[in-house]
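Read through the structure below, which is laid out as structure tokens, and then see the notes.
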Amino acid sequence: MVKFGAVGGSGIAVNFLVFNLLLHGLMWAPMAATVIASCVAMGSNYLGFRFFAYRDRASRTRRQIALFFAFSGIGVIMESALFYIGYHGLGMNTPLGSNLAKALSIVLASAFRFLVYRTWVFEQVKHGR
């Protein structure tokens, strides 16, 4: 869980950095900024999970990669929907409000990601006797 948190924390930093650069620096549309930021973080998270957090688990396979990106895609959809509700539905459209909406959406989607990554994507290696 600690390693998941370390990788997740760096992914959150990447997510916020890209999000704020796109939304507040380059003035992109809010939904485009959140989706792109989430996708960039997804890629950096895969590398961190594969080579650091879960390196002792099942070796990299096409199945593992497909499951990671499928579940991550669902996570991006969840995160984006939650961000949309906060930003547009609840009026959290100031710089502080948009970051709060982004933070809440990341937290909720990360609970889902933790469960599915640990359970299905980076399965525990079963050692024979």
Requested in this report: Starting from the C-alpha separation in whole Å, work towards a yes-or-no answer on side chain to side chain contact (heavy atoms under 4.5 Å, CB included) for I65 and Y46.
Outcome: CA-CA 9 Å; I65 294 168; Y46 178 76; 3.3 Å; yes
Interatomic spacing from [atom1] in [X] to [atom2] in [Y] - rounded to 0.5 Å:
X    : Y    : atom1 : atom2 : result
F16  : L21  : CZ    : CG    : 14.5 Å
L22  : L17  : CG    : CG    : 9.0 Å
M31  : S80  : CE    : OG    : 5.0 Å
W120 : L115 : CH2   : CG    : 8.0 Å

Query - Residue pair H88, N93: steps toward the side chain to side chain contact (heavy atoms under 4.5 Å, CB included) verdict - result: CA-CA 7 Å; H88 293 289; N93 51 16; over 6 Å; no
Find out if a path of hydrophobic residues (ILVMFWY) with successive side-chain heavy-atom gaps under 4.5 Å connects [X] to [Y].
X    : Y   : value
I77  : V35 : no
V116 : V7  : yes
W28  : V18 : yes
V40  : I12 : no
V76  : L47 : yes

Query raised in the report: Nearest heavy-atom pair of G11 and A41: which atoms, and what distance?
Result: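 In terms of heavy atoms, the two residues are closest at O-CB, 3.4 Å.
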Query raised in the report: For L23 and S98, what are the C-alpha separation, side-chain angles and deciding distance, and is it a side chain to side chain contact (heavy atoms under 4.5 Å, CB included)?
Result: CA-CA 9 Å; L23 180 63; S98 65; 3.9 Å; yes
Query raised in the report: Does a sphere of radius 6.0 Å around OH in Y84 hold more than 12 heavy atoms from other residues, nucleotides or ligands, not counting ones at 6.0 Å or beyond?
Result: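 Atom OH in Y84 is not packed in, count stays at 12 or less.
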Query raised in the report: Should we say atom CG of L96 is surrounded by more than 12 heavy atoms from elsewhere, each under 6.0 Å from it?
Result: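 Check fails, neighbour count at 12 or below.
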Could you pull out all donor-acceptor pairs under 3.5 Å where a side-chain atom in residues 100-108 meets a protein atom, sequence neighbours excluded?
{"unit_1": "K102", "atom_1": "NZ", "unit_2": "N15", "atom_2": "OD1", "d": "2.9"}
{"unit_1": "K102", "atom_1": "NZ", "unit_2": "T34", "atom_2": "O", "d": "3.3"}
{"unit_1": "K102", "atom_1": "NZ", "unit_2": "T34", "atom_2": "OG1", "d": "2.6"}
{"unit_1": "K102", "atom_1": "NZ", "unit_2": "S38", "atom_2": "OG", "d": "3.2"}
{"unit_1": "K102", "atom_1": "NZ", "unit_2": "E79", "atom_2": "OE2", "d": "2.8"}
{"unit_1": "S105", "atom_1": "OG", "unit_2": "A101", "atom_2": "O", "d": "3.3"}
{"unit_1": "S105", "atom_1": "OG", "unit_2": "K102", "atom_2": "O", "d": "2.8"}

Query raised in the report: Can you list every pair that meets salt bridge (Lys or Arg N to Asp or Glu O under 4.0 Å) and has a residue in residues 68-77, with sequence neighbours left out?
Result: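 Matches after skipping sequence neighbours: none remain.
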Query raised in the report: Does F19 have its ring centroid less than 6.0 Å away from the ring centroid of F83?
Result: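 They qualify: ring centres under 6.0 Å apart.
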Query raised in the report: Going through the distances and angles, do N99 and H24 end up as a side chain to side chain contact (heavy atoms under 4.5 Å, CB included)?
Result: CA-CA 10 Å; N99 278 281; H24 303 296; 4.0 Å; yes
Can I get a per-line list of side-chain donor-acceptor pairs under 3.5 Å for residues 66-73, giving both atom names and the distance, sequence neighbours left out?
{"unit_1": "S72", "atom_1": "OG", "unit_2": "F68", "atom_2": "O", "d": "2.7"}
{"unit_1": "S72", "atom_1": "OG", "unit_2": "Y117", "atom_2": "OH", "d": "2.5"}

